[in-house]
Structures are given as structure tokens and as C-alpha cells.
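What follows is a short report on a single structure.
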There are 2 protein chains.
Amino acid sequence: MQATIGTGATGWEADDRNRSIGELAEEFGLTHRTIRHYEDEGLLSPTRDGQTRVYSHRDRARLVLICRGKRLGFSLAEIKEFLNLYDTGDAQIEQMRYAQSLARQRIEALERQLQDVQQTLEELRHFDIQISEHLRRNGTTETQPMEEKLS
Amino acid sequence: MQATIGTGATGWEADDRNRSIGELAEEFGLTHRTIRHYEDEGLLSPTRDGQTRVYSHRDRARLVLICRGKRLGFSLAEIKEFLNLYDTGDAQIEQMRYAQSLARQRIEALERQLQDVQQTLEELRHFDIQISEHLRRNGTTETQPMEEKLS
DNA sequence: CCCTTGGTTGACGTTTACGTAAAGGTAAGG
DNA sequence: CCTTACCTTTACGTAAACGTCAACCAAGGG
């Protein structure tokens with residue numbers, strides 16, 4: 001009922017086959033509606049076989065970025081701007097400078113976000129440990145603090 | 001026109017004074033409307049002086065968490081659930097277990113998010129460097145890649 | 001030939017997170 | 001007393017990101 005979930009981070013099992021909307025939907029856990037919505041918003045532009053949408057490897061790659069952007073709390077508009085950075089291709093010097101400045105803004109935003117995530121994680125892990133200790137002191141010993149994940 | 005912006009991460013300049021909605025709004029860069037909205041949604045519960053809202057140190061602390069949660073892309077409902085973890089206080093064992101399980105879910109979500117942020121940062125920095133090199137090769141030498149930030 | 005599966009385009013509905021008036025209370029200052 | 005600044009509530013508006021029909025086409029199987 002479910003094939004190669006998520007972003008397909010599993011090594012390099014990404015075959016280059018073109019995909020239908022349904023395949024993409026299942027692979028990414030999205031609805032058809034959602035994928036078409038991304039197209040309406042200009043985030044995807046699949047080719048057509050007659051009337052049917054055909055998603056290339058590149059479309060799929062963009063969808064990976066879209067999903068990650070979403071998980072990071074970016075709006076579709078922001079994600080679009082972001083995607084446009086990547087297919088600037090061999091643009092004019094001025095355009096590349098502009099793209100670079102946008103990229104740097106993005107980088108700074110993400111660095112802030114990284115701080116936020118790390119700080120929140122720290123607090124939550126502390127919280128987790130507190131509870132575990134509290135529970136241990138009060139008899140009922142069944143839970144131990146989460147194992148640390150070394151970055 | 002602007003005092004102690006952001007979360008006030010500046011050491012320990014957080015004085016314990018009670019605040020009006022206007023002060024809080026300016027400090028956090030929010031509107032009155034927004035802060036009242038958070039109250040409507042049960043994220044804040046300031047006391048009253050007559051009809052006027054009075055925000056304690058604790059309310060302010062919660063607002064810090066709310067803002068961070070927002071930056072991390074959580075919904076108000078999620079943030080509320082999150083906040084409730086913290087003021088579980090000396091609850092019953094069962095409630096603490098529950099809070100802990102929620103906290104752990106949060107931790108896992110944030111660990112995933114951490115991965116996302118790091119990966120995106122990596123890609124963007126790579127992108128930045130690519131552009132810089134391209135620009136360098138094509139004469140116009142004015143920009144150098146962003147300095148690396150050691151985590 | 002009909003049915004199922006999977007695709008299509010509208011078009012209106014919904015939730016979240018506020019914005020934006022409208023209409024007013026209250027206390028300080030000139 | 002009037003203005004100004006700051007607060008209040010009520011209530012409708014809105015943008016984003018889809019959900020949810022409805023009505024349709026097309027290819028293949030029994």
C-alpha cells in the first residue's frame with residue numbers, strides 16, 4: 001500500500017522513469033489536488049501526453065524541494081522563489097548576482113531557524129529528562145530518558 | 001522606535017515588570033490584534049487590571065516560545081499543545097507520562113526538521129559558491145562566497 | 001457494450017491566522 | 001472641557017493552501 005515513502009533518501013534508488021500524477025501522489029504522500037495546486041502556483045510544470053500530465057525526473061526533484069520547504073514552514077510563494085534560484089541556469093551576470101543575494105537571504109533565515117530548532121530541542125530534551133527523573137523518584141520506574149543523538 | 005527586538009536574547013536583560021499589550025507588541029514586533037488572538041486561542045491568559053490586560057513575566061516567557069514555534073512553522077494549535085507541556089506542573093503520573101510522550105514526538109519532529117534545515121543549508125551554500133566561482137571566472141570579481149559558520 | 005481505473009477541468013467550501021474597521025471606555029495633559 | 005494615547009469588544013474580511021464535489025474523457029477487460 002506504500003512505495004518508497006518520503007523523499008526517497010534511500011541512497012540512489014531514484015529511477016529516471018516519467019511519472020503520472022498518481023504515482024507521484026503516492027510516493028510523496030500528497031493528493032492529486034495538491035500536486036495540481038503546485039502547478040497552478042507555478043511550482044511545477046509537467047509536460048503533457050495529450051491531456052495527461054507527465055512528470056519528469058526534474059519535476060520529481062523539484063517536488064522533493066517543495067516538500068522539504070513545506071516542512072520548514074515556507075509558503076508556496078517562498079518555495080517558488082527558492083526553486084527559481086536553481087533553474088536560473090546560465091543567466092546574465094546581473095541575474096546571477098540577484099539569485100545569489102536571494103540565496104544568501106535564505107541562508108541567513110535558515111541559520112536563524114537552525115538556532116531555533118537546536119534551542120527548542122535542547123529545552124525539550126531537558127524537559128524529557130526532568131520528567132524521567134521525577135518519575136524515577138516517585139517509584140514507577142519504566143521510562144528512561146531518550147537516547148542522545150550525536151549530530 | 002524599537003526596543004530590545006526579537007526574543008530579547010541579550011543575556012539577562014529581562015526585567016520582571018508587568019507589561020501592557022502595547023509594550024509586548026512592540027517588544028516582539030507583533031500587533032495588538034495578534035496578541036489578543038493568541039489569548040483567544042488559549043495560548044496566553046494575562047490577568048486583568050479592571051478591563052486592561054496585564055502580562056506577567058510568565059506570559060512573556062510563553063510569548064517567546066510562541067514566536068519561536070511560529071518561526072519553526074508550527075500551527076497555533078501545536079504550539080498550544082506544546083506550551084501545555086511546560087505548565088503541567090506537579091500533575092499526576094499518568095499526565096506526566098502523556099506529556100513526556102508528546103515531548104518525545106516533538107523531539108523526533110524537530111530532529112527531522114534539523115536534518116531538513118541542515119541539508120537545505122548545505123545545498124544553498126553550495127549554490128552560493130557555484131555562483132561565486134562562475135562570476136569569478138567571468139571577470140567581474142566583486143563577490144566572494146559567504147564565510148562558513150562553524151556549528 | 002458497459003464497467004472500472006485513472007486522468008481532466010471547474011468551482012465552491014474550509015481552516016488557519018490574523019487584518020481591519022466600528023464603536024466605545026479611561027486616564028493624563030493642556 | 002477637549003484632545004490624545006492606549007486600551008477594550010464585536011464582527012466581518014481575507015489570503016493561503018488545499019479539500020471536496022460534479023461532470024467529464026479515454027483506455028482496457030470481461
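Values reported hereafter were calculated over all heavy atoms of this structure, with side chains retained and with hydrogens, waters and symmetry mates removed. The chains referred to below are lettered A, B, ... by the order of the sequence lines, with proteins before strands, and numbering in each begins at 1.
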Could you state the [atom1]-[atom2] distance from [X] to [N], rounded to the nearest angstrom?
X	N	atom1	atom2	result
E41(B)	dC18(C)	CD	C1'	10 Å
E26(A)	dT5(C)	CD	P	15 Å
K80(A)	dA17(D)	NZ	P	12 Å
I21(B)	dC6(D)	CD1	P	13 Å
R48(A)	dA26(D)	CZ	C1'	15 Å
E39(B)	dC18(C)	CD	C1'	15 Å
I79(A)	dA16(D)	CD1	P	14 Å
D49(A)	dG6(C)	CG	P	17 Å

Original post:
Under 4.5 Å between any side-chain heavy atoms of H126(B) and E122(B), yes or no?
Top reply: no

Original post:
Is T52(B) near enough to dT8(D) that one of its side-chain N or O atoms lies under 4.0 angstrom from OP1 or OP2?
Top reply: no

**OP:** Compare side-chain N and O positions of K70(A) against OP1 and OP2 of dC18(D) and report whether any pair is under 4.0 Å apart.
**Re:** yes

Atom pairs under 3.5 Å, N or O on each side, protein against nucleotides 21-26 of chain C: can you list them with distances?
none

Subject >> Salt-bridge criterion met for E123(A) and R106(B) (N-O under 4.0 Å) >> reply: no

Original post:
Between R19(A) and E26(A), does at least one N-O distance fall below 4.0 Å, as a salt bridge requires?
Top reply: no

**OP:** Name all residues meeting the side-chain hydrogen bond (donor to acceptor under 3.5 Å, both in side chains) criterion together with T31(B); count only those two or more places apart in sequence or in a different chain, and write none if there are none.
**Re:** T34(B)

Compile the donor-acceptor pairs under 3.5 Å between side chains in residues 76-84 of chain B and protein atoms, sequence neighbours left out, one pair per line.
unit_1, atom_1, unit_2, atom_2, d
E78(B), OE1, S75(B), N, 2.8
E78(B), OE1, S75(B), OG, 3.3
N84(B), ND2, K80(B), O, 3.3

**OP:** Apply ring-ring contact (aromatic ring centres under 6.0 Å, His included) to F74(A) and list each qualifying residue two or more places apart in sequence or on a separate chain.
**Re:** none

Original post:
Closest nucleotide of DNA chain C for Y55(A) versus for S75(B): which of these residues is on the 5' side?
Top reply: Y55(A)

**OP:** Begin with the C-alpha distance, continue with both residues' side-chain angles, and end with the deciding distance and a verdict on side-chain contact (heavy atoms from CB on, under 4.5 Å) for L85(A) and L124(B).
**Re:** CA-CA 10 Å; L85(A) 294 186; L124(B) 275 174; 4.3 Å; yes

Original post:
What pairs of residues pass the salt bridge (charged side-chain N to carboxylate O under 4.0 Å, His left out) test when at least one of them lies in residues 39-49 of chain A, not counting sequence neighbours?
Top reply: E39(A)-R48(A), E39(A)-R53(A)

Subject >> Nucleic acid contacts - residues 30-38 of chain A versus DNA chain D, non-hydrogen atoms under 4.0 Å >> reply: T31(A), R33(A), T34(A), H37(A), Y38(A)

**OP:** Run through D59(B), I66(B), L65(B) and flag the one making a side-chain contact (heavy atoms from CB on, under 4.5 Å) with L63(B).
**Re:** I66(B)

